[in-house]
Amino acid sequence: MITEYIIRITLAAVFGGVIGMEREYRAKEAGFRTHFLVGMGAAIFMVLSKYGYDDVVKEELVRLDPSRIAAQVVSGIGFIGAGCIIFQKHVVRGLTTAAGLWVTSAIGLACGTGLWQIAAAATVLVVGCLETVSVIHNNFGSKTLSLTFSTYTRDGIREVLNTLEKDSIDILSYDMKTHHTAGHADTYTATMRMKVKRDHYKSRLMSFMTEFDGITVDNIE
């Protein structure tokens with residue numbers, strides 16, 4: 001039986017690692033190691049919950065609830081998932097990674113209980129979903145982009161804003177700072193958050209900004 005338990009734990013680690021490799025490739029908050037450990041840990045807890053107290057259950061008055069530890073895994077994984085979710089620049093990030101950790105724990109529990117076929121099918125579905133959506137999103141979706149540029153005139157900023165809006169680019173937020181320099185003209189730095197098409201968005205925006213005189217692009221991310 002020990003060999004079977006080791007196989008279950010190993011399968012859970014492998015399935016979790018497969019999902020983690022996809023997350024690692026996408027440079028997400030939780031990668032291969034995190035998913036590997038979550039899958040394996042959940043499987044260990046499941047094996048422990050079902051079989052770890054066999055010697056105690058032999059007592060006549062002792063009753064065992066094999067789902068007790070597994071239930072704690074389901075709720076406890078939320079603490080790890082919450083650590084992956086961040087709110088930055090009015091955008092929530094990490095929800096997909098947190099959900100991936102949650103489903104990885106479920107895959108680990110399935111392996112721990114011996115239902116490795118379900119765990120394998122779930123792994124294929126998860127990786128297939130993440131990859132398919134990423135391909136579709138990259139080719140047909142949109143991206144929130146931050147553009148920071150400097151100019152010596154306020155009119156230059158207005159010109160950029162008007163041209164971007166005419167190009168059907170949604171401006172989500174806009175902030176401008178004035179830098180005063182002794183003996184020199186004031187410099188205006190504008191930071192815009194906008195929604196753009198993902199196809200070649202950075203190169204297109206860079207070439208677009210070169211059309212304006214007296215404007216320097218500081219950062220695009």
Run the side-chain contact (heavy atoms from CB on, under 4.5 Å) test against L125 and tell me which residues pass, sequence neighbours left out.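 Expected list: none.
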Can you pull out every side chain to side chain donor-acceptor pair (under 3.5 Å) where at least one residue sits in residues 31-42? Sequence neighbours excluded, please.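 Every pair satisfying side chain to side chain donor-acceptor pair (under 3.5 Å) with a residue in residues 31-42: there are none.
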Shared hydrophobic cluster, L95 / V126 (ILVMFWY, side-chain heavy atoms < 4.5 Å):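 No, separate clusters.
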Linked, directly or transitively: I2 and V47 (ILVMFWY side chains, under 4.5 Å):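 Linked within one cluster.
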Can you sort out the partners of F45 under ring-ring contact (aromatic ring centres under 6.0 Å, His included), two or more places apart, ordered by chain and number?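 Per chain and number, F45 pairs via ring-ring contact (aromatic ring centres under 6.0 Å, His included) with no residue.
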Using a 3.5 Å cut-off and no angle test, enumerate the donor-acceptor pairs between side-chain atoms of residues 101-121 and protein atoms at least two apart in sequence or in another chain.
{"residue": "T104", "atom": "OG1", "partner": "G100", "partner atom": "O", "Å": "2.6"}
{"residue": "S105", "atom": "OG", "partner": "W102", "partner atom": "O", "Å": "2.5"}
{"residue": "T113", "atom": "OG1", "partner": "K50", "partner atom": "NZ", "Å": "3.2"}

Are the side chains of [Y] and [X] in contact, using a 4.5 Å heavy-atom criterion?
X	Y	value
M21	V127	no
I80	I77	yes
F15	I19	no
I69	M46	no

Any sub-3.5 Å donor-acceptor pair from T132's side-chain atoms to C129's backbone N or O?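 Answer holds: no.
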Under the side chain to side chain donor-acceptor pair (under 3.5 Å) test, residues paired with T191 that sit two or more places apart: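 Partners of T191 under the side chain to side chain donor-acceptor pair (under 3.5 Å) test: T148.
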Rounded to the nearest 0.5 Å, what separates atom CG in L37 from atom CD1 in I44?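 The distance works out to 9.5 Å.
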List the residues meeting salt bridge (Lys or Arg N to Asp or Glu O under 4.0 Å) with E4, not counting sequence neighbours, and say none if there are none.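 Here the qualifying residues are R8.
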